[in-house]
Amino acid sequence: MAQLLRALFEKRTPRMLMGLVMACCTALAGALLLGVSGWFITGTAIAGLSVSTALAFDIFAPSASIRLLALGRTGSRYAERVVTHSATLNALVGVRERLFRSFGRAGIDQRPLWQLQPSRLLLRLTRDLNAAESLYLRLLVPSCAALVASLGISAWLAYHNPWLGLACLLWLLAAGTGITWWLLRATTKLTLHQSRHAEQLRRHALDITTGQAELTMAGRLGLWLERLTGKEAHLADLDARLQRCDAIAAAAWQAMHGLTMAAAVAVAAWLVLVQQVPVATAAFFVLMALAAMEPFAAMRRGAMEWATTLLAARRLHQPLADAPTTAAETAIGTTDINGLLQLPRPAPGLAVQMRAASVPGSDGSLRLAELSLDVACGETVAIVGASGSGKSTLLGLIAGELAAAQGIVRALPCVALPQQTVLFSDSVRANLDLQQRQPDDATLWAALQQAGLRDAIAARSRGLDEILGEAGLGLSKGQARRLALARLFLTDCSFWLLDEPTDGLDADTAADVLARLAQALEGRTCILATHLRREAALATRLVVLHHGRIARHVVRGTAAFDQVLQGLRGD
Amino acid sequence: MNSSSPRASWHYALQGVAALVWIAQAWLIAGTIADLMDYEVGGALAAADVLTPIWQAALAVALLGLLRAALEYWGVRATYGHARRTLTALRKALGERLRNTSPLDARRPPSGQITSAWMEQAEAVVPWLARYQAAQWRVMIATPVILLFVAWHSWVAALLLLLAAPLIPLFMAIIGWRAQAISEEQLEVLGQLHGHLLERLRGLPTLRAMRAVDATAARLTALGQRVARKTMRVLRVAMLSSAVLELFSALGVALVAVYVGFHLLGQLPFGAWNGRLSLHAGLFVLMLAPAFFEPLRELSAVWHDRANGKAAVQTMQTLLDGLAPMVDNGPPAAGAEVTVPAVTDPRNAPQVELQGVRPALAPAAEQHNALAHRHSLTVSIPAGAHVAVTGPSGSGKSMLLALVAGLVAAERGEVRIGGIPLTAHSAPVLRQRMGWLGAQPHFVSGSLQRNLHWGDSADPAADARTLQAVGLEHLAGRRLGEAGSGLSGGEALRLALARLQLHAGCDLLLLDEPTAHLDGETAALVRATIMRLAIGKTLLVATHDPLLMAALPYTLTLDGHGHAQLLGPAHGHAAQSPEVQA
């Protein structure tokens, strides 16, 4: 929690503090407005009893201060809300970037894949960050205002009678923090339980919507819907229990309000009766007490959301703790700003130097077993093998996505073309220039030309600024692949890793893409993982993987090479 | 939707009544101060004489406070209960509609979107019914009553309050109109940011591979700052409208205070009904002034709950409109038994007949599907035949399988499985004998057993044997993530085959492109498993795979124009020429 607050306040402390001060001003102005009004009315009532005192009564100072307080309260409330909201919004932007960088490194931690669901990560960045925001806006700000209002009224009372002042402060703080504390304690566990259950319900609902066909065919859809109804009923019960706590707290505030008003009346009367204060001042006190109760009620919502905030703080703890803004040390090595491991350089003339590298799988077996491989600069090597043979793991090692448990991996920095082409609903330009190097249009068009996509993009009305991914403006699978190629051509890196570059393309498109790729590979180093003959045919060397070991190693021009090639899947 | 039944309205009113308790409390407090003034000014009264009424007043204020707390508690609980029950009912209704809607209609919204409407968006109903409507009732009850009490003592003070909140309905309408526009705009902006974020998170492997994480993070911040600036512009307007309310409320209090003060001094001698206000009445009027504005401020704070709640109900009711129905999947009706012959005897495997069947899809331009283009199809597949369903993409291979499975209901014609017509009545029993493998097999989060059986496992040993048979023994004990994440494409398909294998009692296999996108070795394994599973069963496989087609004796060719041709085993001639009516 402290860490989350630090992250929020970092670099923005003055504005965040200013928001707190503004909130206190608002509370004080509200209390003074009612108090001065009560004092004024009572004073005028007494003065109005005789004509002479009525004429002597100074009406301008109080009536002017009443108007001033009315305007000041509105102004300071407005300023408070603007300042606090803009401060948190901007703080969240910074925290979001830190989190994103941390998620960017996620592959290295070798956490189970399902924990890295994008939709879950998005919840970290949206829901959990909003919960963090509520910590400041709904708990810290009103607490501060309530504290200052309590202090103000107690100080006034202490001026007339120190013991009464102390009693007042103790009562307000005890009742205020007591109710808040009770609400925190009563709801924390319940909220955690509720949010876990809501998440379960959501997953169950998602399972039903995605698996509807399978469930129908298995005759289980009715049963699963019934189970959903059961879970929903349980959630409704949890919701109702949470809301009951909230309602009890609200009723407690209300009761505290009534008791405080009664006590204020009694205290004011006693002060007048012992002739310690004039009655107008007593009216001032009673009405001030009335207004000073207002900020307390606002704390309730923050207290209700406390558990969610706590949960968010826990979830964000790890990502915030290891969010690198530049290179960072991790448990398994040093990562660069892009979240990849910094591998040592291989011997001159080599792009990859691997000695007895092993990567264990999740079940104890080895995904790669004592694998040794050298790749010279300028070479094109194809890694072939069935799915599960370790092709992707090998590429991951070279790219710096994974760390070898044993052995040595040295490699030059590379860029990789993953199996799946990912397009963003953004302009063609932004989709091409992922590294934000902002090349000129001519360079972009040249890369598109080289990838065979120039005409298709030029035909669009807005050319490079055409937004992709929206309805009707999508690219075909082949075009998307070409765009991914153009991305590669635009990087300044001459060492490429390609993972099944033409998978899922029809034969003609694949042939064209491969021809363009072969042309681009002149003078570059390339390792490609594949199970298709047409892709492996690009290589000068084939490495056959079987269960994480190199089964065969064949060089172009030998009979063995052709034999391995013929064993691969055709078009 | 009937959102406020009479009983609920009565509870909504409770909170409004609770707000009225303050009138009595204010009267007592003002009275006490007036008594104190009489004591101080008059001097004739002994302290003991004023003491009793003061103690009584303080006690009454405390008791009234407790009463108000109890009333509010009661009201809040009742309204919330009503709102939460409405949410449950809405969710249940969507579940029922989902149950009768085809999962294979191309126009069906993505599952994620349905889930999010079903679970998250639907929740907006609760604040609308519980908070907004209660606030609305408080405005309708407390505001006019308080105004009446003020007017009872001083028409000028009442007029000041009315003027401070000029033409309240109009005022609220303007704020509401702005607030709605604002919340819509903000939702859109936030939605864009979330979409942007989700895309980048999904694309993280690509961004890392392209060494673009750093650049993307920087761009994200630039975008975030832009969104924050835009949100602030929007928020400032929202805050300004609430500041206006705030200003009217503060000015109302100030004006009343100044008027009452001057009136008591004798400088503004008009406004009271009988001569001059007493201090009691003056203070009472002053203390009612903030309470007059309080409900209005509350209403403006929850105004956006209304739009969100209404939008949620709208979405829940129209989300699945216009989609093709599926053959109902209700529990089999008791008493009317549909008999299914014993399995594993090839002579008992069902014959599949389609007689002039047309799918119940609304004609839609985006569905480039021959069967969707309102062709009706007649074809008869002999019992125990192993059939490769082929044809160019879009010729209706998947639709044929969906019609046989009843996953898309027929608008016209009849599907018969083993001579039994596929109807809502017979579907549950007929489906027990079908094994289905869709184009993208779905898995659910949880244990492997849950995925194999859609529930708990009866025989773990059999599961282990089956997994071994498809080469997935290394997965035993693994838990799958959301939508089966963590499986490779090949593993997913083999797991789906294991599921088919464990589905005892099925003698009609319906498989949609099982070997697409697999490497050669896995594809061979899948082909062998299919041939093993299909022994003694009727098999329909939609496929492009020449090796799989070669392994199957029958070929049903759909040509994309509504014609179908079934070629018989080994001979290569047409065993049957099914008629097709356009």
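All of these numbers come straight from a predicted model, not from anything done at the bench. Proteins get letters first, then strands, A, B, ... in listed order; numbering begins at 1 in each.
Residues B/Leu36 and A/Leu273 have side chains in contact (heavy-atom distance under 4.5 Å, counting atoms from C-beta outward). With contacts defined as side-chain heavy-atom distances shorter than 4.5 Å, the pair A/Phe100/B/Leu204 qualifies. With contacts defined as side-chain heavy-atom distances shorter than 4.5 Å, the pair A/Met261/B/Gln25 does not qualify. Using a 4.5 Å heavy-atom cutoff, the side chains of B/Leu201 and A/Leu125 are in contact. Counting only heavy atoms from C-beta outward, the side chains of B/Leu286 and A/Phe40 never approach each other to under 4.5 Å. Residues A/Glu232 and B/Lys92 have side chains not in contact (no heavy-atom distance under 4.5 Å, counting atoms from C-beta outward). Using a 4.5 Å cut-off on side-chain heavy atoms (C-beta onward), B/Thr216 and A/Phe424 make no contact. By the 4.5 Å heavy-atom criterion applied to side chains, B/Met326 and A/Leu221 are counted as neighbours.
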**Report entry** Pair B/Arg211-A/Thr491, side-chain contact (heavy atoms from CB on, under 4.5 Å): steps then yes or no
**Finding:** CA-CA 9 Å; B/Arg211 302 199 170 245; A/Thr491 60; over 6 Å; no
Report task. Take B/Arg200 and A/Asp426 through the salt bridge (charged side-chain N to carboxylate O under 4.0 Å, His left out) test and state the conclusion after the steps. Result -> CA-CA 11 Å; B/Arg200 265 62 183 178; A/Asp426 213 328; 2.9 Å; yes
Requested in this report: Verify side-chain contact (heavy atoms from CB on, under 4.5 Å) between B/Arg99 and A/Thr216, making sure each step is shown before the conclusion.
Outcome: CA-CA 9 Å; B/Arg99 180 188 191 135; A/Thr216 304; over 6 Å; no
Requested in this report: I would like to know whether A/Gln243 and B/Val76 meet side-chain contact (heavy atoms from CB on, under 4.5 Å); could you show each step before the answer?
Outcome: CA-CA 9 Å; A/Gln243 196 269 342; B/Val76 166; 3.0 Å; yes
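The nearest pair of heavy atoms linking A/Val279 to B/Met37 is CG2-N, 3.7 Å. The two residues B/Val213 and A/Gly104 come nearest to each other via the heavy atoms CG1-CA, 4.3 Å. Heavy-atom minimum distance, A/Leu206 versus B/Thr115: CD1-OG1, 3.3 Å. Taking each heavy atom of B/His442 and A/Glu214 in turn, the nearest pair found is N-OE2, 2.9 Å. Closest of all the heavy-atom pairs between A/Ala255 and B/Ala69 is N-CB, 3.9 Å.
Residue contact with chain A, scored on non-hydrogen atoms closer than 4.5 Å, involves the side chain of B/Leu220 exclusively. Residue contact with chain A, scored on non-hydrogen atoms closer than 4.5 Å, is absent for B/Glu96. Proximity to chain B involves both the backbone and the side chain of A/Pro278, based on heavy atoms less than 4.5 angstrom apart. Only the side chain of B/Glu72 has a heavy atom closer than 4.5 Å to any heavy atom of chain A. Within the 4.5 angstrom heavy-atom criterion, only side-chain atoms of A/Thr229, from C-beta onward, approach chain B. Contact of B/Leu407 with chain A is made through the side chain alone, with heavy-atom distances under 4.5 Å. Contacts of A/Gln275 with chain B are made by side-chain atoms alone, with heavy-atom separations under 4.5 Å and no backbone atom involved. Heavy atoms closer than 4.5 Å to chain A are found in the side chain of B/Thr522, but not in its backbone. Residue A/Leu92 does not touch chain B at all, counting heavy-atom pairs closer than 4.5 Å. Residue contact with chain A, scored on non-hydrogen atoms closer than 4.5 Å, involves the backbone and the side chain of B/Pro441 alike. Of the atoms belonging to A/Ile46, heavy atoms from both backbone and side chain fall under 4.5 Å from chain B. Both the backbone and the side chain of B/Trp454 have a heavy atom closer than 4.5 Å to some heavy atom of chain A. In this structure, the portions of A/Val82 lying under 4.5 Å from any heavy atom of chain B include both its backbone and its side chain. Heavy atoms closer than 4.5 Å to chain B are found in the side chain of A/Ala430, but not in its backbone. A/Trp253 does not touch chain B: none of its heavy atoms, backbone or side chain, sits under 4.5 Å away. Heavy atoms closer than 4.5 Å to chain A are found nowhere in B/His263, neither backbone nor side chain. Contacts between B/Arg77 and chain A at a heavy-atom distance below 4.5 Å involve backbone atoms as well as side-chain atoms. For A/Leu223, no part lies under 4.5 angstrom from a heavy atom of chain B. Only the backbone of A/Ala399 comes within less than 4.5 Å of a heavy atom of chain B; no side-chain atom from C-beta onward does. Only the side chain of A/Leu287 comes within contact range of chain B, with at least one heavy atom under 4.5 Å from a heavy atom of that chain. Proximity to chain A is limited to the side chain of B/Arg91, based on heavy atoms less than 4.5 angstrom apart. Of the atoms belonging to A/Arg244, heavy atoms from both backbone and side chain fall under 4.5 Å from chain B. For B/Leu207, the part lying under 4.5 angstrom from a heavy atom of chain A is the side chain only.
Residue with the most contacts toward chain B among A/Leu89, A/Val422, A/Asp239: A/Asp239 (heavy-atom pairs, distance under 4.5 Å). Here A/Gln212 is the residue among A/Arg73, A/His257, A/Gln212 with the most heavy-atom pairs under 4.5 Å with chain B. Most heavy-atom pairs under 4.5 Å with chain B: of the set A/Met256, A/Arg487, A/His204, A/Arg81, this distinction falls to A/Arg81. Comparing A/Val274, A/Asn90, A/Leu33 by how many heavy-atom pairs each has under 4.5 Å with chain B, the most go to A/Leu33. Ranked by heavy-atom pairs under 4.5 Å with chain B, the first of A/Gly30, A/Ala236, A/Ser63 is A/Ala236. With respect to chain B, the highest number of heavy-atom pairs below 4.5 Å among A/Leu395, A/Ile208, A/Ile248, A/Leu259 belongs to A/Ile248.
Applying side-chain contact (heavy atoms from CB on, under 4.5 Å) to B/Leu279 and the options A/Thr44, A/Thr42, A/Leu49 leaves one that passes, A/Thr42.
Scanning for side-chain hydrogen bond (donor to acceptor under 3.5 Å, both in side chains) contacts around B/Thr206 gives an empty result, with sequence neighbours left out. Every residue was checked against the ring-ring contact (aromatic ring centres under 6.0 Å, His included) condition with B/Trp436, not counting sequence neighbours, and none meets it.
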